[in-house]
Amino acid sequence: MPCRAPLLSFLLLLFLLLLGSVGASGAESSPRLPAPKDVMIYSYNFRSLLRWSPVKVDGGLVLYTVHFKTGAFNQWDEMNCTRITQTECSFPWRLKERRWTVVLRVRAELGQATSDWVETDPFVAERNTTIGPPEVNSVVVSSDSLLISVIPPFGSEVGDRLQYHMSYWENATSTTKKETKTSNTLFKIGNLKELTLYCFRIQVELVTLLDLPLLGLQSDPKCYRTEISEATRARYIILIFVLVLLFVYLVPAGLFFLWRHQKTIKYCIQPPLEIPSHFEEYLRDPVMPDLEVLNNYAEDNPHDSLSVVVCGEGSQACGSSLDGQAHSQSASSASEVT
């Protein structure tokens with residue numbers, strides 16, 4: 001009997017060694033897939049999902065399995081993403097607690113072949129989510145204010161406190177901004193100029209029970225022009241009325257004045273008569289040789305004179321005077337010839 005105990009121990013040890021060698025050879029012979037890459041948790045307004053890059057291999061369609069564990073229970077569990085073809089997996093409702101610490105892992109599978117698990121960093125939603133801008137529900141414009149109503153980007157939980165940070169500025173190109181903060185979804189920007197363009201941006205700040213603020217993204221600028229006040233509108237109406245009255249009374253008076261003094265106005269606006277400079281120099285010359293040339297030419301070339309007489313019909317006096325003038329002219333011509 002004492003001899004059998006060492007023998008049994010030896011046989012048991014030999015069996016364990018053989019079993020381990022078989023398991024090792026089986027593990028070495030089973031193929032391994034590449035592990036998924038770019039494994040990241042994306043969270044926007046507390047809606048979270050896990051994404052990764054697809055694994056590309058020859059021989060078939062690669063499937064994926066995702067597990068999770070929390071900081072309170074350090075045990076891996078499935079999350080409704082087992083052997084899926086998509087490269088993303090949304091968080092189940094049981095992981096919607098914002099204060100839980102969650103760790104995820106994913107691996108690729110193809111038949112019996114699998115990849116290594118790829119784990120994420122610990123994720124806490126109320127610290128790691130991205131808060132988007134609130135939605136502007138309505139804007140009521142007046143002459144000196146903007147009444148803005150917004151919708152929160154997500155539903156708040158017990159103990160949460162939302163602060164709305166607003167920056168606004170005058171005109172679309174102004175760099176001077178003013179800041180205001182409120183916890184109400186309906187707030188008013190006052191002391192504005194009338195008929196002026198104002199732009200604003202809003203972002204949400206989440207303050208939790210642990211007083212850990214999480215500032216969200218800013219909204220795109222929205223611009224609105226303030227209206228005209230009743231007092232300014234009344235002044236404009238009075239001014240227009242006065243201008244119309246002046247037009248009605250002054251235009252006829254101006255036309256009558258122009259008609260009454262048209263000659264004087266015409267004389268005043270007529271340009272003065274001026275002798276051209278070269279004519280003025282010519283007339284101021286005391287020698288004036290051209291006039292002497294003309295006089296000499298008239299003496300050297302005598303010419304006949306022509307008289308034009310207009311008489312009425314049946315006038316004998318006119319006829320006798322014409323005969324007398326013709327006789328005297330013929331006599332003078334004969335004397336010149338002789």
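Owing to the predicted nature of the structure, the values given are computational and were not obtained by experimental measurement. In this chain, residues are counted from 1 in sequence order.
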Give the cluster check for [X] versus [Y]: same hydrophobic cluster or not, with ILVMFWY residues linked at side-chain heavy-atom distances below 4.5 Å.
X      : Y      : result
Val248 : Phe256 : no
Val141 : Ile148 : yes
Leu186 : Val140 : yes
Leu255 : Tyr249 : no
Tyr224 : Tyr198 : yes

Between Thr129 and Val124, is the side chain to side chain contact (heavy atoms under 4.5 Å, CB included) condition met? List the steps.
CA-CA 8 Å; Thr129 193; Val124 181; over 6 Å; no
Walk me through whether Phe154 and Leu162 qualify under side chain to side chain contact (heavy atoms under 4.5 Å, CB included).
CA-CA 10 Å; Phe154 54 86; Leu162 291 179; 3.7 Å; yes
Side-chain donor-acceptor pair under 3.5 Å between Ser143 and Glu227, yes or no?
no
Could you verify whether a donor N or O on one side chain and an acceptor N or O on the other, from His165 and Glu205, lie under 3.5 Å apart?
yes
With distance as the sole test, does [X] use its side chain to make a donor-acceptor pair with the main-chain N or O of [Y] at under 3.5 Å?
X      : Y      : value
Glu194 : Ser229 : yes
Gln203 : Gly216 : yes
Arg105 : Trp117 : no
Ser115 : Ala108 : yes
Asp116 : Ala35  : no
Thr226 : Thr196 : yes

Work out which heavy atom in [X] is nearest to a heavy atom in [Y]; give both atom names and the distance.
X      : Y      : value
Gln218 : Ser167 : NE2-OG, 4.3 Å
Leu197 : Cys223 : CD1-CB, 4.0 Å
Asn128 : Pro122 : OD1-O, 4.3 Å
Leu49  : Ser90  : CB-CA, 3.8 Å
Val139 : Val136 : CG2-CG1, 3.7 Å
Thr114 : Arg107 : CG2-CZ, 4.0 Å

Can you tell if the side chain of [X] reaches within under 4.5 Å of the side chain of [Y], non-hydrogen atoms only?
X      : Y      : value
Ile131 : Leu215 : no
Leu63  : Thr85  : yes
Glu119 : Trp76  : yes
Tyr164 : Val150 : yes
Leu206 : Asp160 : yes
Phe187 : Lys181 : no
Pro153 : Pro134 : yes
Phe247 : Pro252 : no

Side-chain hydrophobic cluster, 4.5 Å single linkage: members besides Met79
Leu33, Val39, Ile41, Leu50, Trp52, Val55, Val57, Val62, Tyr64, Val66, Phe68, Ile84, Phe91, Leu95, Trp100, Val102, Leu104, Val106, Leu110, Val118, Phe123
More than 12 foreign heavy atoms under 6.0 Å from [atom1] of [X]: is that the case here?
X     : atom1 : answer
Lys69 : NZ    : yes
Lys96 : NZ    : yes
Gln75 : CD    : no

When rounded to the nearest 0.5 angstrom, what is the spacing between [atom1] in [X] and [atom2] in [Y]?
X      : Y      : atom1 : atom2 : value
Leu250 : Leu245 : CG    : CG    : 10.0 Å
Lys188 : Ser142 : NZ    : OG    : 6.0 Å
Met40  : Ser43  : CE    : OG    : 11.5 Å
Leu217 : Arg201 : CG    : CZ    : 10.0 Å
Arg127 : Thr208 : CZ    : OG1   : 9.5 Å
Ser145 : Asn191 : OG    : CG    : 9.0 Å

Which residues pass the salt bridge (Lys or Arg N to Asp or Glu O under 4.0 Å) test with Arg83, not counting sequence neighbours?
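Per chain and number, Arg83 pairs via salt bridge (Lys or Arg N to Asp or Glu O under 4.0 Å) with Glu109.
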Salt bridge or not for Glu157 and Arg99, using N-O below 4.0 Å?
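Counted as a salt bridge, because a side-chain N and a carboxylate O are separated by less than 4.0 Å.
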Basic-acidic side-chain contact under 4.0 Å: Asp144, Lys193:
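No.
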Sorted by chain and number, sequence neighbours left out, side-chain hydrogen bond (donor to acceptor under 3.5 Å, both in side chains) with Glu88 holds for Arg51
Using the rule given for side chain to side chain contact (heavy atoms under 4.5 Å, CB included), can you reason through Ile189 versus Met166, listing the C-alpha separation, both sets of side-chain angles and the distance that settles it, and then say yes or no?
CA-CA 9 Å; Ile189 304 175; Met166 171 173 288; 2.9 Å; yes
Checking salt bridge (Lys or Arg N to Asp or Glu O under 4.0 Å) for the pair Asp77/Arg94: CA distance, chi angles, key distance, verdict?
CA-CA 12 Å; Asp77 195 1; Arg94 52 183 170 172; 3.6 Å; yes
Run the side chain to side chain contact (heavy atoms under 4.5 Å, CB included) check on Leu146 and Tyr168 step by step: do they pass?
CA-CA 11 Å; Leu146 297 177; Tyr168 63 97; over 6 Å; no
